[in-house]
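Numbering of ligands and ligand atoms starts at 1, following listing order. The first residue in the sequence is number 1, and the count goes up from there. Hydrogens, waters and symmetry mates play no part in the numbers below; they use all other heavy atoms, side chains included.
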Amino acid sequence: MILDIGFETMPREDLETIILRRLKATIDRIYSNVPFYRRKLEENSITPNDIRSLEDLQRIPFTTKEDLRDNYPYGMFAVPMDNVVRIHASSGTTGQPTVVGYTARDVNTWAELMARSLAAGGATRGDIIHNAYGYGLFTGGLGVHYGAEKLGASVIPVSGGNTKRQIVIMKDFGPTILTATPSYALHLAEVADEMGVSFADLKFKFGIFGAEPWSENMREDIERKLHLTAVDIYGLSEVIGPGVAIECYEAKNGLHIFEDHFIPEIIDPATGEVLADGETGELVFTSITKEAFPVIRYRTRDITSLNPEPCICGRTHIRMNRVSGRTDDMLIIRGVNVFPSQIESVLMEMDDVEPHYQLLVDREGTLDTLTVMVEVGEQLFSDEVKHLQDLERKISKNIKDYLGVSAKVKLVEPKAIARSEGKAIRVIDKREM
Ligand code: DLL
């Protein structure tokens, strides 16, 4: 369902007029209120009046995660703390966390975007949303929560964890929409199975999954095990949280970016050159309606491409393709570049393996080694050793054939790999230890 027909199906020309107006207002505000941005503009001899077209945005330098860290915690805020009503932070798994703030209007904007996202993902007023994204500093839980209320749906604020109880709630409360990370959704399916509960008997219609990379094969697996239609939702705390982009359930083919609030660009991560639609590179965002924490040309480190083709759902907003990984996720194994999601795709092509895996990177002498640990079912694991060895060799060969990297494959028993209640940990890099 399209919640905001006005904005979401607006002819491009009208949309671009609004985008430019909002961009100019944002540049005015950051120039006056954020010393960091003012300095950047001045260093490049740019004044707000120089931004006359959308192309002019490209004259402004990028903002990076390091810039946010240098201004930790509140240095990038564009309003006095008096006007900030909410603070979130990224988990800080790759260093110091980044802190983001929201005014009352920002919280409302975010709720509207999330209501529009949930609607695009299949939710309506009549739905009951089982929200298993974590509540807290992470933006997933509260982001979905406020959006669900704005939509008028009923939201169960169950958060992540306590998985057995979640299954009981699913049985008793009859939720129709599941929101969770894709890895946690699979874990929910597994625990339900152990408890003798079949998702086929539950009432779910749609699942709205994101916050971590997942492959098309993983989608098929989730849809089969959870008996629902799975759509991909994308966002990041620095830009707003979830609600930056979402797939429509009609096409399930790329995520519409809410361009009335965020301007996307794709750049070559090495040179910073802006790439054409369809070319793959690093996603960059400029927010044009945020009050407390606007970002200008923020480098997300996420890798994707943009697709301007019209969509069957009627939305005119550009689509981004599924995020294939992050520039800082890329493993370099003996000179070969490989993303965890590429390995996931190879694994999920195999019949006998389960969607639970972890990559172990280490160094022997001067050589990098990659071990792929992946679970197989109980049945197979108790099979003959030879059978397991054959499968390990076959997976190893496929990884070599498709990705050009040599990996040792180790099949492990069910549950050998720790389950996550939020974002899955896919890589353990011992070289950094
Ligand atoms: O993960 C916001 C979110 C919550 C999105 C719930 C979707 C659902 P952060 O914790 O700041 O915010 O992490 C942002 O997660 O830069 C991507 O690398 C990754 N990510 C988010 N959504 C997707 C997705 C939330 N659909 C970082 N596919 C981003 C792939 C995703 N990666």
Fill in: Mode of Asp232 contact toward ligand 1 - side chain, backbone, both, neither (heavy atoms, under 4.0 Å)
side chain
Discussion item. Looking only at protein heavy atoms, which one is nearest to atom 25 (C) of ligand 1, and what is the separation?
Written reply: Gly235 O, 3.5 Å
Worksheet item: In terms of atom number and element, which parts of ligand 1 are under 4.0 angstrom from non-hydrogen atoms of Gly140?
Response: 4 (C), 6 (C)
Practice prompt. Using the six-membered ring wherever Trp is involved, compare the ring planes of His88 and Trp110 and label them parallel, tilted or perpendicular (cut-offs 30° and 60°).
Written response: perpendicular
Discussion item. Within the supplied structure, the quantity of interest is the number of heavy atoms (other residues, nucleotides, ligands) at a distance under 6.0 Å from Arg165 CZ; does it exceed 12?
Written reply: no
Fill in: Cation-pi, Tyr102 ring and Lys290 (6.0 angstrom, 45 degrees)
yes
Fill in: Shortest protein heavy-atom distance from atom 11 (O) of ligand 1, along with the residue and atom involved
Ser237 OG, 2.6 Å
Item to complete: Do me a favour and list the nearest non-hydrogen protein atom to atom 6 (C) of ligand 1 with residue, atom name and distance?
Response: Tyr133 CE2, 3.6 Å
Item to complete: Provide the number and element of each atom of ligand 1 under 4.0 Å from a heavy atom of Asp302.
Response: 16 (O), 17 (C), 18 (O), 29 (C)
Item to complete: Go through ligand 1 atom by atom and flag the ones less than 4.0 Å from a non-hydrogen atom of Gly210.
Response: 7 (C), 8 (C), 26 (N)
Worksheet item: Thinking salt bridges, do Arg219 and Glu216 make one under a 4.0 Å N-O criterion?
Response: yes
Worksheet item: Does anything in residues 23-38 pair up under side chain to side chain donor-acceptor pair (under 3.5 Å), and if so which pairs, sequence neighbours excluded?
Response: Arg38-Glu42
Item to complete: May I ask you to decide if Tyr135's main-chain N or O and Ser159's side chain share a donor-acceptor pair within less than 3.5 Å?
Response: yes
Fill in: Thr304 (side chain) donor-acceptor with Met320 (main chain) under 3.5 angstrom
no
Worksheet item: Judged by non-hydrogen atoms, does Lys423 sit under 4.0 Å from ligand 1?
Response: yes
Worksheet item: For Glu212, is at least one N or O under 3.5 Å away from an N or O on ligand 1?
Response: yes
Worksheet, complete the sentence: of all protein heavy atoms, closest to atom 20 (N) of ligand 1 is Ala211 C, 3.5 Å
Worksheet item: Does Phe258 have Arg315 sitting over its ring (NZ/CZ under 6.0 Å from centre, angle to axis within 45°)?
Response: no
Worksheet item: In terms of atom number and element, which parts of ligand 1 are under 4.0 angstrom from non-hydrogen atoms of Thr139?
Response: 2 (C), 12 (O)
Worksheet entry | Close N or O approach (Gly241, ligand 1; < 3.5 Å) | no
